[in-house]
2 protein chains.
Amino acid sequence: MNTKEKVSIFILSDSVGGTASNVFHAALAQFPNMNYDLKNYPFVRDENHVEVILEKAVEWDAIVLHTFVNPVIVEKIENYCLNHHLSCFDLINPLIREMAKRTNTKPTHRPGAKHQLDDKYFNRISALEFAVKYDDGKDPKGYLEADIIILGISRTSKTPLSIFLANQNYKVANLPLMPEAQIPDEIWQVDSKKIVGLTNDEEMLSNIRKERMISYGMHPDTPYSSKDRIRKEIDYAEKIYKKLNCQIINVVNKSIEETAAIIINSLEG
Amino acid sequence: MNTKEKVSIFILSDSVGGTASNVFHAALAQFPNMNYDLKNYPFVRDENHVEVILEKAVEWDAIVLHTFVNPVIVEKIENYCLNHHLSCFDLINPLIREMAKRTNTKPTHRPGAKHQLDDKYFNRISALEFAVKYDDGKDPKGYLEADIIILGISRTSKTPLSIFLANQNYKVANLPLMPEAQIPDEIWQVDSKKIVGLTNDEEMLSNIRKERMISYGMHPDTPYSSKDRIRKEIDYAEKIYKKLNCQIINVVNKSIEETAAIIINSLEG
(Lines give C-alpha, C1' and ligand atoms only; values in the text may rest on other atoms or scores of the structure.)
Protein backbone atom coordinates (compact mmCIF):
# COMPACT_ATOMS: atom_id res chain seq x y z
CA MET A 1 0.00 0.00 0.00
CA ASN A 2 1.45 3.41 -0.83
CA THR A 3 0.76 6.81 0.73
CA LYS A 4 -1.81 7.63 -1.92
CA GLU A 5 -4.07 4.82 -0.79
CA LYS A 6 -6.53 5.67 1.95
CA VAL A 7 -6.17 4.13 5.39
CA SER A 8 -9.52 3.54 7.06
CA ILE A 9 -9.81 4.25 10.77
CA PHE A 10 -12.85 3.17 12.77
CA ILE A 11 -13.36 4.73 16.20
CA LEU A 12 -15.83 2.80 18.36
CA SER A 13 -16.99 3.94 21.76
CA ASP A 14 -19.76 3.37 24.28
CA SER A 15 -19.65 7.13 24.83
CA VAL A 16 -18.44 10.15 22.85
CA GLY A 17 -15.23 8.61 21.49
CA GLY A 18 -13.15 11.61 22.55
CA THR A 19 -10.28 9.62 24.07
CA ALA A 20 -9.79 7.49 20.95
CA SER A 21 -10.08 10.54 18.70
CA ASN A 22 -7.42 12.29 20.75
CA VAL A 23 -4.97 9.35 20.52
CA PHE A 24 -5.67 9.00 16.79
CA HIS A 25 -4.92 12.68 16.08
CA ALA A 26 -1.71 12.54 18.11
CA ALA A 27 -0.51 9.55 16.04
CA LEU A 28 -1.79 11.10 12.81
CA ALA A 29 0.34 14.21 13.42
CA GLN A 30 3.40 11.98 12.84
CA PHE A 31 2.23 11.37 9.23
CA PRO A 32 1.56 14.82 7.72
CA ASN A 33 0.72 13.40 4.28
CA MET A 34 -1.40 10.45 5.29
CA ASN A 35 -4.51 9.91 3.27
CA TYR A 36 -7.19 8.57 5.63
CA ASP A 37 -10.85 8.03 6.09
CA LEU A 38 -12.12 8.32 9.66
CA LYS A 39 -15.44 6.82 10.76
CA ASN A 40 -16.80 7.60 14.21
CA TYR A 41 -19.25 5.29 15.97
CA PRO A 42 -20.16 6.95 19.29
CA PHE A 43 -22.71 5.69 21.85
CA VAL A 44 -22.49 2.03 20.77
CA ARG A 45 -23.90 0.02 23.63
CA ASP A 46 -25.03 -3.35 22.33
CA GLU A 47 -23.21 -6.38 21.02
CA ASN A 48 -25.15 -6.71 17.78
CA HIS A 49 -24.40 -3.14 16.82
CA VAL A 50 -20.70 -3.80 17.51
CA GLU A 51 -20.78 -6.82 15.21
CA VAL A 52 -22.35 -4.86 12.34
CA ILE A 53 -19.63 -2.22 12.63
CA LEU A 54 -16.82 -4.77 12.81
CA GLU A 55 -18.11 -6.49 9.67
CA LYS A 56 -17.85 -3.17 7.89
CA ALA A 57 -14.34 -2.70 9.33
CA VAL A 58 -13.26 -6.02 7.79
CA GLU A 59 -14.68 -4.94 4.45
CA TRP A 60 -12.65 -1.71 4.60
CA ASP A 61 -9.55 -3.33 6.17
CA ALA A 62 -9.78 -0.64 8.84
CA ILE A 63 -7.65 0.05 11.90
CA VAL A 64 -10.08 -0.24 14.83
CA LEU A 65 -9.61 1.99 17.88
CA HIS A 66 -11.92 1.52 20.83
CA THR A 67 -12.50 2.50 24.46
CA PHE A 68 -15.31 0.15 25.52
CA VAL A 69 -15.53 -0.64 29.22
CA ASN A 70 -18.11 -3.43 29.12
CA PRO A 71 -16.02 -6.65 29.44
CA VAL A 72 -18.45 -8.66 27.30
CA ILE A 73 -18.11 -6.22 24.41
CA VAL A 74 -14.33 -5.94 24.89
CA GLU A 75 -13.96 -9.72 24.67
CA LYS A 76 -16.22 -9.89 21.65
CA ILE A 77 -14.09 -7.30 19.85
CA GLU A 78 -10.84 -9.04 20.79
CA ASN A 79 -12.07 -12.37 19.46
CA TYR A 80 -13.57 -10.91 16.33
CA CYS A 81 -10.40 -8.97 15.45
CA LEU A 82 -8.22 -12.00 16.08
CA ASN A 83 -10.37 -14.24 13.90
CA HIS A 84 -10.66 -11.70 11.10
CA HIS A 85 -7.08 -10.35 11.23
CA LEU A 86 -8.26 -6.82 12.00
CA SER A 87 -5.76 -4.41 13.60
CA CYS A 88 -7.43 -3.44 16.82
CA PHE A 89 -6.24 -1.05 19.54
CA ASP A 90 -7.89 -1.18 22.94
CA LEU A 91 -6.84 2.22 24.29
CA ILE A 92 -8.11 1.99 27.82
CA ASN A 93 -8.45 -1.52 29.27
CA PRO A 94 -4.75 -2.30 29.79
CA LEU A 95 -4.54 0.78 32.03
CA ILE A 96 -7.87 -0.04 33.72
CA ARG A 97 -6.56 -3.55 34.53
CA GLU A 98 -3.40 -2.11 36.07
CA MET A 99 -5.41 0.33 38.16
CA ALA A 100 -7.70 -2.48 39.34
CA LYS A 101 -4.64 -4.49 40.40
CA ARG A 102 -3.07 -1.58 42.22
CA THR A 103 -6.19 -0.58 44.11
CA ASN A 104 -7.50 -4.11 44.56
CA THR A 105 -10.91 -2.86 43.43
CA LYS A 106 -13.14 -3.55 40.45
CA PRO A 107 -13.83 -0.91 37.79
CA THR A 108 -17.48 0.18 37.62
CA HIS A 109 -17.71 -0.83 33.91
CA ARG A 110 -20.06 2.14 33.54
CA PRO A 111 -19.94 3.58 30.00
CA GLY A 112 -19.54 7.35 29.63
CA ALA A 113 -18.22 7.61 33.19
CA LYS A 114 -15.83 10.33 32.09
CA HIS A 115 -18.82 12.52 31.30
CA GLN A 116 -20.42 12.25 34.68
CA LEU A 117 -22.41 15.32 35.68
CA ASP A 118 -20.59 15.74 39.00
CA ASP A 119 -19.26 18.78 40.86
CA LYS A 120 -16.10 18.82 38.79
CA TYR A 121 -18.19 18.90 35.59
CA PHE A 122 -20.36 21.78 36.80
CA ASN A 123 -17.29 23.70 37.97
CA ARG A 124 -15.84 23.36 34.49
CA ILE A 125 -19.08 24.61 32.93
CA SER A 126 -19.05 27.59 35.31
CA ALA A 127 -15.40 28.27 34.45
CA LEU A 128 -16.23 28.31 30.73
CA GLU A 129 -19.09 30.73 31.33
CA PHE A 130 -16.80 32.85 33.51
CA ALA A 131 -14.17 33.03 30.74
CA VAL A 132 -16.74 34.21 28.18
CA LYS A 133 -18.26 36.70 30.63
CA TYR A 134 -14.91 38.24 31.60
CA ASP A 135 -13.25 38.06 28.19
CA ASP A 136 -11.63 41.16 26.73
CA GLY A 137 -11.76 43.23 29.92
CA LYS A 138 -15.56 43.36 29.75
CA ASP A 139 -16.02 43.68 33.49
CA PRO A 140 -13.10 44.42 35.88
CA LYS A 141 -14.93 42.69 38.75
CA GLY A 142 -13.78 39.44 37.15
CA TYR A 143 -10.14 40.11 38.01
CA LEU A 144 -10.85 39.85 41.73
CA GLU A 145 -12.57 36.48 41.35
CA ALA A 146 -10.27 34.89 38.76
CA ASP A 147 -7.68 32.16 39.37
CA ILE A 148 -5.64 33.38 36.40
CA ILE A 149 -5.54 36.76 34.69
CA ILE A 150 -4.14 36.98 31.18
CA LEU A 151 -2.78 40.30 29.94
CA GLY A 152 -1.63 40.94 26.40
CA ILE A 153 -1.66 43.28 23.45
CA SER A 154 -3.92 42.59 20.47
CA ARG A 155 -3.44 39.21 18.74
CA THR A 156 -1.52 37.37 21.45
CA SER A 157 -4.32 34.71 21.69
CA LYS A 158 -5.79 35.85 25.02
CA THR A 159 -9.34 34.62 24.28
CA PRO A 160 -8.63 31.04 23.12
CA LEU A 161 -6.01 30.65 25.86
CA SER A 162 -8.53 31.76 28.50
CA ILE A 163 -11.05 29.26 27.19
CA PHE A 164 -8.54 26.43 27.10
CA LEU A 165 -7.55 27.11 30.73
CA ALA A 166 -11.23 27.36 31.72
CA ASN A 167 -11.75 23.90 30.28
CA GLN A 168 -9.12 22.73 32.78
CA ASN A 169 -11.31 24.17 35.56
CA TYR A 170 -9.55 27.51 36.09
CA LYS A 171 -11.51 30.77 36.35
CA VAL A 172 -9.82 33.05 33.85
CA ALA A 173 -10.28 36.73 32.96
CA ASN A 174 -8.25 38.60 30.38
CA LEU A 175 -7.37 42.22 29.69
CA PRO A 176 -6.22 43.67 26.37
CA LEU A 177 -3.33 46.12 26.79
CA MET A 178 -3.04 49.30 24.75
CA PRO A 179 -0.79 52.28 25.51
CA GLU A 180 -3.83 54.56 25.18
CA ALA A 181 -6.10 52.63 27.57
CA GLN A 182 -6.16 52.69 31.36
CA ILE A 183 -5.39 49.62 33.45
CA PRO A 184 -8.33 48.90 35.77
CA ASP A 185 -7.50 49.39 39.47
CA GLU A 186 -8.50 45.81 40.21
CA ILE A 187 -5.41 44.49 38.40
CA TRP A 188 -3.14 46.13 40.99
CA GLN A 189 -5.08 44.50 43.84
CA VAL A 190 -4.48 40.96 42.59
CA ASP A 191 -1.66 38.62 43.71
CA SER A 192 0.91 38.87 40.92
CA LYS A 193 1.33 35.07 40.95
CA LYS A 194 -2.11 34.88 39.31
CA ILE A 195 -1.15 37.21 36.46
CA VAL A 196 0.40 36.13 33.17
CA GLY A 197 1.66 38.66 30.64
CA LEU A 198 1.69 37.51 27.02
CA THR A 199 4.08 38.92 24.51
CA ASN A 200 5.02 38.04 20.94
CA ASP A 201 7.69 38.85 18.38
CA GLU A 202 7.35 42.10 16.45
CA GLU A 203 7.68 40.41 13.06
CA MET A 204 5.13 37.70 13.84
CA LEU A 205 2.59 40.15 15.27
CA SER A 206 2.94 42.40 12.26
CA ASN A 207 2.20 39.45 9.95
CA ILE A 208 -0.77 38.28 12.01
CA ARG A 209 -2.24 41.78 12.08
CA LYS A 210 -1.72 42.25 8.35
CA GLU A 211 -3.63 39.00 7.76
CA ARG A 212 -6.38 40.31 9.97
CA MET A 213 -6.62 43.55 7.99
CA ILE A 214 -6.82 41.53 4.74
CA SER A 215 -9.59 39.36 6.21
CA TYR A 216 -11.48 42.60 6.97
CA GLY A 217 -11.12 43.57 3.28
CA MET A 218 -8.66 46.37 4.11
CA HIS A 219 -5.13 47.21 3.00
CA PRO A 220 -2.63 45.19 5.09
CA ASP A 221 -0.42 48.20 5.87
CA THR A 222 -2.27 50.13 8.55
CA PRO A 223 -0.90 51.78 11.69
CA TYR A 224 -2.30 48.73 13.56
CA SER A 225 0.06 46.40 11.66
CA SER A 226 3.10 48.71 11.48
CA LYS A 227 6.21 47.57 13.29
CA ASP A 228 6.67 50.97 14.95
CA ARG A 229 3.24 50.77 16.48
CA ILE A 230 3.74 47.14 17.54
CA ARG A 231 7.16 47.91 19.08
CA LYS A 232 5.50 50.69 21.08
CA GLU A 233 2.76 48.31 22.28
CA ILE A 234 5.23 45.55 23.21
CA ASP A 235 7.41 48.03 25.15
CA TYR A 236 4.37 49.36 26.97
CA ALA A 237 3.17 45.83 27.86
CA GLU A 238 6.60 44.78 29.08
CA LYS A 239 6.80 47.84 31.31
CA ILE A 240 3.44 46.93 32.85
CA TYR A 241 4.54 43.28 33.35
CA LYS A 242 7.68 44.49 35.12
CA LYS A 243 5.67 46.76 37.39
CA LEU A 244 3.28 43.92 38.18
CA ASN A 245 6.19 41.51 38.62
CA CYS A 246 4.20 38.80 36.82
CA GLN A 247 5.16 35.79 34.69
CA ILE A 248 5.85 36.69 31.04
CA ILE A 249 5.36 34.22 28.19
CA ASN A 250 6.39 34.85 24.61
CA VAL A 251 3.76 32.99 22.59
CA VAL A 252 5.63 33.04 19.28
CA ASN A 253 5.46 29.57 17.70
CA LYS A 254 3.54 28.23 20.70
CA SER A 255 0.06 26.73 20.46
CA ILE A 256 -2.50 27.65 23.13
CA GLU A 257 -2.16 24.12 24.53
CA GLU A 258 1.58 24.65 24.98
CA THR A 259 1.17 28.09 26.56
CA ALA A 260 -1.54 26.70 28.87
CA ALA A 261 0.73 23.82 29.95
CA ILE A 262 3.47 26.33 30.88
CA ILE A 263 1.00 28.38 32.95
CA ILE A 264 -0.49 25.37 34.75
CA ASN A 265 2.96 23.94 35.40
CA SER A 266 4.17 27.15 37.02
CA LEU A 267 0.95 27.56 39.04
CA GLU A 268 1.18 24.04 40.42
CA GLY A 269 4.94 23.70 40.53
CA MET B 1 -2.43 -2.26 48.51
CA ASN B 2 -5.90 -1.14 49.51
CA THR B 3 -8.03 1.69 48.14
CA LYS B 4 -6.88 4.03 50.88
CA GLU B 5 -3.30 3.91 49.65
CA LYS B 6 -2.37 6.41 46.99
CA VAL B 7 -1.56 5.24 43.47
CA SER B 8 1.10 7.40 41.83
CA ILE B 9 0.70 8.23 38.17
CA PHE B 10 3.49 9.86 36.18
CA ILE B 11 2.63 11.42 32.82
CA LEU B 12 5.68 12.04 30.65
CA SER B 13 5.54 13.81 27.31
CA ASP B 14 7.78 15.58 24.82
CA SER B 15 4.90 18.05 24.43
CA VAL B 16 1.89 19.09 26.52
CA GLY B 17 0.90 15.62 27.75
CA GLY B 18 -2.74 16.12 26.76
CA THR B 19 -3.21 12.74 25.11
CA ALA B 20 -1.91 10.82 28.13
CA SER B 21 -3.93 12.97 30.52
CA ASN B 22 -7.04 12.26 28.48
CA VAL B 23 -6.51 8.47 28.55
CA PHE B 24 -5.72 8.59 32.27
CA HIS B 25 -8.92 10.47 33.13
CA ALA B 26 -11.01 8.08 31.02
CA ALA B 27 -9.57 5.11 32.95
CA LEU B 28 -9.80 6.96 36.27
CA ALA B 29 -13.55 7.49 35.75
CA GLN B 30 -13.92 3.71 36.19
CA PHE B 31 -12.62 4.02 39.79
CA PRO B 32 -14.69 6.76 41.45
CA ASN B 33 -13.00 6.30 44.83
CA MET B 34 -9.44 5.92 43.75
CA ASN B 35 -6.91 7.80 45.78
CA TYR B 36 -4.18 8.97 43.42
CA ASP B 37 -1.32 11.36 43.01
CA LEU B 38 -0.75 12.64 39.48
CA LYS B 39 2.57 14.13 38.39
CA ASN B 40 2.85 15.81 35.00
CA TYR B 41 6.16 16.15 33.19
CA PRO B 42 5.48 18.06 29.96
CA PHE B 43 8.08 19.22 27.39
CA VAL B 44 10.66 16.57 28.34
CA ARG B 45 13.05 16.39 25.41
CA ASP B 46 16.34 14.93 26.60
CA GLU B 47 17.39 11.49 27.77
CA ASN B 48 18.99 12.58 31.01
CA HIS B 49 15.85 14.37 32.10
CA VAL B 50 13.84 11.21 31.31
CA GLU B 51 16.18 9.16 33.49
CA VAL B 52 15.85 11.52 36.47
CA ILE B 53 12.05 11.28 36.25
CA LEU B 54 12.06 7.47 35.89
CA GLU B 55 14.26 7.17 38.99
CA LYS B 56 11.65 9.12 40.90
CA ALA B 57 8.92 6.89 39.40
CA VAL B 58 10.70 3.80 40.80
CA GLU B 59 10.90 5.44 44.20
CA TRP B 60 7.14 6.10 44.14
CA ASP B 61 6.24 2.78 42.45
CA ALA B 62 4.34 4.86 39.91
CA ILE B 63 2.35 3.87 36.83
CA VAL B 64 4.13 5.61 33.94
CA LEU B 65 2.11 6.88 30.97
CA HIS B 66 3.96 8.40 28.04
CA THR B 67 3.55 9.64 24.48
CA PHE B 68 7.16 10.18 23.36
CA VAL B 69 7.83 9.96 19.65
CA ASN B 70 11.63 10.00 19.68
CA PRO B 71 12.61 6.32 19.19
CA VAL B 72 15.79 6.69 21.29
CA ILE B 73 13.78 7.96 24.27
CA VAL B 74 11.05 5.36 23.73
CA GLU B 75 13.60 2.53 23.80
CA LYS B 76 15.29 3.98 26.86
CA ILE B 77 11.97 4.07 28.71
CA GLU B 78 11.08 0.53 27.65
CA ASN B 79 14.40 -0.84 28.85
CA TYR B 80 14.36 1.12 32.08
CA CYS B 81 10.81 0.04 32.97
CA LEU B 82 11.60 -3.59 32.18
CA ASN B 83 14.76 -3.58 34.31
CA HIS B 84 13.09 -1.79 37.21
CA HIS B 85 9.70 -3.54 37.06
CA LEU B 86 7.85 -0.27 36.47
CA SER B 87 4.35 -0.44 34.91
CA CYS B 88 4.70 1.59 31.76
CA PHE B 89 2.08 2.42 29.12
CA ASP B 90 3.21 3.70 25.76
CA LEU B 91 -0.04 5.24 24.53
CA ILE B 92 0.92 6.16 21.02
CA ASN B 93 3.72 4.14 19.42
CA PRO B 94 1.81 0.89 18.81
CA LEU B 95 -0.65 2.89 16.68
CA ILE B 96 2.16 4.86 15.02
CA ARG B 97 3.87 1.60 14.06
CA GLU B 98 0.66 0.26 12.51
CA MET B 99 0.15 3.48 10.56
CA ALA B 100 3.75 3.35 9.31
CA LYS B 101 3.18 -0.22 8.12
CA ARG B 102 -0.08 0.63 6.38
CA THR B 103 1.23 3.70 4.59
CA ASN B 104 4.72 2.32 4.04
CA THR B 105 6.11 5.65 5.27
CA LYS B 106 8.16 6.71 8.27
CA PRO B 107 6.72 8.88 11.05
CA THR B 108 8.37 12.29 11.34
CA HIS B 109 9.34 11.64 15.01
CA ARG B 110 8.75 15.35 15.54
CA PRO B 111 7.64 16.07 19.14
CA GLY B 112 4.59 18.30 19.66
CA ALA B 113 3.46 17.64 16.10
CA LYS B 114 -0.16 17.64 17.26
CA HIS B 115 0.26 21.29 18.21
CA GLN B 116 1.51 22.42 14.85
CA LEU B 117 0.53 25.99 14.02
CA ASP B 118 -1.03 25.05 10.69
CA ASP B 119 -4.20 26.16 8.91
CA LYS B 120 -6.31 23.78 10.94
CA TYR B 121 -4.95 25.24 14.17
CA PHE B 122 -5.65 28.83 13.11
CA ASN B 123 -9.14 27.88 11.95
CA ARG B 124 -9.81 26.45 15.38
CA ILE B 125 -8.53 29.62 17.06
CA SER B 126 -10.81 31.69 14.79
CA ALA B 127 -13.73 29.41 15.60
CA LEU B 128 -13.15 29.91 19.35
CA GLU B 129 -13.03 33.68 18.88
CA PHE B 130 -16.16 33.48 16.74
CA ALA B 131 -18.02 31.56 19.48
CA VAL B 132 -17.12 34.16 22.11
CA LYS B 133 -17.98 37.05 19.78
CA TYR B 134 -21.39 35.63 18.82
CA ASP B 135 -22.33 34.17 22.19
CA ASP B 136 -25.68 35.01 23.74
CA GLY B 137 -27.17 36.60 20.63
CA LYS B 138 -24.71 39.50 20.85
CA ASP B 139 -24.70 40.18 17.12
CA PRO B 140 -27.24 38.60 14.73
CA LYS B 141 -24.77 38.87 11.82
CA GLY B 142 -23.10 35.80 13.29
CA TYR B 143 -26.08 33.58 12.40
CA LEU B 144 -25.49 34.06 8.69
CA GLU B 145 -21.82 33.06 8.97
CA ALA B 146 -22.15 30.21 11.48
CA ASP B 147 -21.88 26.47 10.73
CA ILE B 148 -24.10 25.68 13.71
CA ILE B 149 -26.65 27.83 15.54
CA ILE B 150 -27.69 26.82 19.04
CA LEU B 151 -31.05 28.00 20.37
CA GLY B 152 -32.24 27.45 23.91
CA ILE B 153 -33.88 28.96 26.96
CA SER B 154 -31.81 30.05 29.96
CA ARG B 155 -29.59 27.34 31.55
CA THR B 156 -29.58 24.80 28.74
CA SER B 157 -25.75 25.07 28.44
CA LYS B 158 -25.64 27.05 25.16
CA THR B 159 -22.35 28.83 25.92
CA PRO B 160 -20.16 25.85 26.92
CA LEU B 161 -21.67 23.75 24.14
CA SER B 162 -20.85 26.46 21.58
CA ILE B 163 -17.27 26.60 22.84
CA PHE B 164 -16.87 22.83 22.78
CA LEU B 165 -18.09 22.69 19.17
CA ALA B 166 -15.82 25.62 18.25
CA ASN B 167 -12.88 23.62 19.58
CA GLN B 168 -13.84 20.98 16.99
CA ASN B 169 -13.47 23.66 14.29
CA TYR B 170 -17.14 24.62 13.86
CA LYS B 171 -18.21 28.26 13.75
CA VAL B 172 -21.02 28.46 16.31
CA ALA B 173 -23.39 31.23 17.33
CA ASN B 174 -26.12 30.92 19.94
CA LEU B 175 -29.37 32.67 20.76
CA PRO B 176 -31.17 32.69 24.11
CA LEU B 177 -34.93 32.20 23.74
CA MET B 178 -37.41 34.08 25.88
CA PRO B 179 -41.15 34.44 25.22
CA GLU B 180 -40.77 38.22 25.66
CA ALA B 181 -37.87 38.67 23.22
CA GLN B 182 -37.95 38.89 19.45
CA ILE B 183 -36.25 36.31 17.24
CA PRO B 184 -33.77 38.10 14.93
CA ASP B 185 -34.76 37.94 11.25
CA GLU B 186 -31.44 36.28 10.38
CA ILE B 187 -32.52 33.05 12.11
CA TRP B 188 -35.29 32.57 9.55
CA GLN B 189 -32.84 33.00 6.66
CA VAL B 190 -30.60 30.13 7.79
CA ASP B 191 -30.79 26.53 6.53
CA SER B 192 -32.66 24.68 9.29
CA LYS B 193 -30.13 21.84 9.12
CA LYS B 194 -27.64 24.18 10.80
CA ILE B 195 -29.97 24.95 13.71
CA VAL B 196 -30.16 22.95 16.95
CA GLY B 197 -32.83 23.65 19.56
CA LEU B 198 -31.96 22.71 23.12
CA THR B 199 -34.55 21.81 25.66
CA ASN B 200 -34.47 20.40 29.17
CA ASP B 201 -36.81 18.90 31.75
CA GLU B 202 -38.96 21.26 33.80
CA GLU B 203 -37.88 19.77 37.11
CA MET B 204 -34.17 19.85 36.27
CA LEU B 205 -34.29 23.43 34.97
CA SER B 206 -36.13 24.59 38.06
CA ASN B 207 -33.42 23.08 40.27
CA ILE B 208 -30.58 24.55 38.20
CA ARG B 209 -32.18 27.99 38.26
CA LYS B 210 -32.81 27.80 42.02
CA GLU B 211 -29.11 27.00 42.51
CA ARG B 212 -28.27 30.00 40.39
CA MET B 213 -30.46 32.28 42.49
CA ILE B 214 -28.79 30.98 45.66
CA SER B 215 -25.35 31.62 44.14
CA TYR B 216 -26.48 35.22 43.54
CA GLY B 217 -27.36 35.46 47.25
CA MET B 218 -31.10 35.58 46.50
CA HIS B 219 -34.09 33.49 47.59
CA PRO B 220 -34.32 30.36 45.40
CA ASP B 221 -38.04 30.77 44.69
CA THR B 222 -38.26 33.52 42.10
CA PRO B 223 -40.48 33.72 39.00
CA TYR B 224 -37.31 32.76 37.05
CA SER B 225 -37.12 29.40 38.83
CA SER B 226 -40.87 28.71 39.05
CA LYS B 227 -42.18 25.69 37.17
CA ASP B 228 -45.02 27.71 35.64
CA ARG B 229 -42.59 30.16 34.12
CA ILE B 230 -40.28 27.36 32.95
CA ARG B 231 -43.17 25.42 31.38
CA LYS B 232 -44.13 28.57 29.49
CA GLU B 233 -40.56 29.04 28.24
CA ILE B 234 -40.21 25.39 27.18
CA ASP B 235 -43.53 25.51 25.31
CA TYR B 236 -42.50 28.71 23.58
CA ALA B 237 -39.10 27.26 22.58
CA GLU B 238 -40.66 24.05 21.26
CA LYS B 239 -43.10 26.04 19.15
CA ILE B 240 -40.18 27.97 17.62
CA TYR B 241 -38.24 24.73 16.97
CA LYS B 242 -41.27 23.27 15.21
CA LYS B 243 -41.64 26.37 13.05
CA LEU B 244 -37.94 26.24 12.18
CA ASN B 245 -38.13 22.49 11.62
CA CYS B 246 -34.76 22.06 13.35
CA GLN B 247 -33.14 19.26 15.35
CA ILE B 248 -34.21 19.22 19.01
CA ILE B 249 -32.02 17.83 21.79
CA ASN B 250 -33.10 17.37 25.38
CA VAL B 251 -29.92 17.99 27.36
CA VAL B 252 -31.17 16.53 30.64
CA ASN B 253 -28.44 14.26 32.08
CA LYS B 254 -26.21 14.88 29.06
CA SER B 255 -22.75 16.41 29.30
CA ILE B 256 -21.78 19.03 26.72
CA GLU B 257 -19.41 16.46 25.16
CA GLU B 258 -22.33 14.07 24.68
CA THR B 259 -24.63 16.73 23.23
CA ALA B 260 -21.81 17.90 20.92
CA ALA B 261 -21.23 14.33 19.69
CA ILE B 262 -24.95 14.02 18.83
CA ILE B 263 -24.84 17.30 16.87
CA ILE B 264 -21.65 16.45 14.96
CA ASN B 265 -22.92 12.95 14.21
CA SER B 266 -26.15 14.26 12.71
CA LEU B 267 -24.32 16.99 10.75
CA GLU B 268 -21.90 14.51 9.23
CA GLY B 269 -24.17 11.49 9.06
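Below, chains carry the letters A, B, ... as their sequence lines are ordered, and counting in each starts from 1. Remember, it's a predicted structure, so these values are computed and weren't measured experimentally.
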Task: Test log, rule side-chain contact (heavy atoms from CB on, under 4.5 Å), inputs A/Ile263 and A/Ile150 - done: CA-CA 10 Å; A/Ile263 294 172; A/Ile150 312 279; 4.1 Å; yes
Task: Residue, of A/Asn167, A/Leu128, A/Thr108, A/Thr67, that accumulates the most heavy atom pairs under 4.5 Å with chain B - done: A/Thr108
TODO: Identify whether the distance between the nearest side-chain nitrogen and carboxylate oxygen of A/Glu257 and B/Arg124 falls below 4.0 Å.
DONE: yes
Open item on the list: As an exercise: rank B/Asn40, B/Leu65, B/Leu91, B/Val69 by heavy-atom pairs under 4.5 Å with chain A and give me the winner.
Closed with: B/Val69
Task: Leading residue by heavy atom contact count with chain B [cutoff under 4.5 Å; candidates A/Ala113, A/Pro107, A/Pro94] - done: A/Pro107
Task: Side chain, backbone, both or neither of A/Phe122 within contact of chain B (heavy atoms, under 4.5 Å) - done: neither
TODO: Please state whether the side chain, the backbone, both or neither of A/Lys120 comes within less than 4.5 Å of a heavy atom of chain B.
DONE: side chain
TODO: Considering only NZ, NE, NH1 and NH2 on the basic side and carboxylate oxygens on the acidic side, decide whether A/Lys56 and A/Glu59 come within less than 4.0 Å.
DONE: no
Open item on the list: If you count heavy-atom pairs within less than 4.5 Å of chain B, which of A/Val16, A/Asn22, A/Ile264 leads?
Closed with: A/Asn22
Task: Heavy-atom pair count under 4.5 Å with chain A, highest-scoring of B/Ser255, B/Pro42, B/Ser15, B/Ala131 - done: B/Ser255
- [ ] Pick one of side chain, backbone, both or neither for B/Phe43, based on which atoms fall under 4.5 Å of a heavy atom in chain A.
- [x] side chain
TODO: Name the region of A/Leu117, side chain, backbone, both or neither, that has any atom closer than 4.5 Å to a heavy atom of chain B.
DONE: side chain
TODO: Could you look at A/Lys138 and say if it's the side chain, the backbone, both or neither that has a heavy atom under 4.5 Å from chain B?
DONE: side chain
Open item on the list: I need the residue from B/Leu161, B/Asp118, B/Asp136, B/Asn265 with the largest number of non-hydrogen atom pairs under 4.5 Å to chain A.
Closed with: B/Asn265
Open item on the list: We want to know whether A/Thr159 and A/Asp135 form a side-chain donor-acceptor pair, criterion being a heavy-atom distance below 3.5 angstrom.
Closed with: yes
Task: Region of A/Ala260 that comes under 4.5 Å of a non-hydrogen atom in chain B - done: neither
Open item on the list: Given heavy-atom pairs under 4.5 angstrom as the criterion, report whether the side chain, backbone, both or neither of A/Val23 touches chain B.
Closed with: both
- [ ] With the side chain counted from C-beta on, respond yes when A/Ile153 and A/Leu205 share a heavy-atom pair under 4.5 Å apart, and no when they do not.
- [x] yes
Open item on the list: Counting only non-hydrogen atoms closer than 4.5 Å, does A/Gln116 touch chain B with its backbone (N, CA, C, O), its side chain (CB onward), both, or neither?
Closed with: neither
Open item on the list: Measuring only between side-chain heavy atoms, which start at C-beta, is A/Met34 closer than 4.5 Å to B/Met99?
Closed with: yes
TODO: Could you tell me which portion of B/Ala20 (side chain, backbone, both or neither) has an atom closer than 4.5 angstrom to a non-hydrogen atom of chain A?
DONE: neither
- [ ] Indicate yes or no: at least one non-hydrogen side-chain atom of A/Tyr121 is less than 4.5 angstrom from one of B/Ile256.
- [x] yes
Task: Residue selection (most heavy-atom pairs with chain B, distance under 4.5 Å) from A/Gly18, A/Ser157, A/Ala100, A/Gly112 - done: A/Ala100
Open item on the list: One thing to verify: whether B/Arg212 and A/Glu129 come together as a salt bridge, which I'm taking to mean a side-chain N less than 4.0 angstrom from a carboxylate O.
Closed with: no
- [ ] Evaluate the side-chain proximity of B/Cys88 to B/His66: yes if any heavy-atom separation is below 4.5 Å, no if none is.
- [x] yes
TODO: Go through the atoms of A/Leu95 and report whether side chain, backbone, both or neither lie under 4.5 Å from a heavy atom of chain B.
DONE: both
Open item on the list: So, taking the atom named CG in B/Leu28 and the one named CD1 in B/Ile9, what distance separates them when rounded to the nearest 0.5 Å?
Closed with: 8.0 Å
Open item on the list: So if I apply the ring pair (Phe, Tyr, Trp, His ring centres under 6.0 Å) rule between A/Phe10 and each of A/Phe24, A/Phe89, A/Tyr36, A/Tyr41, which one comes out positive?
Closed with: A/Tyr41
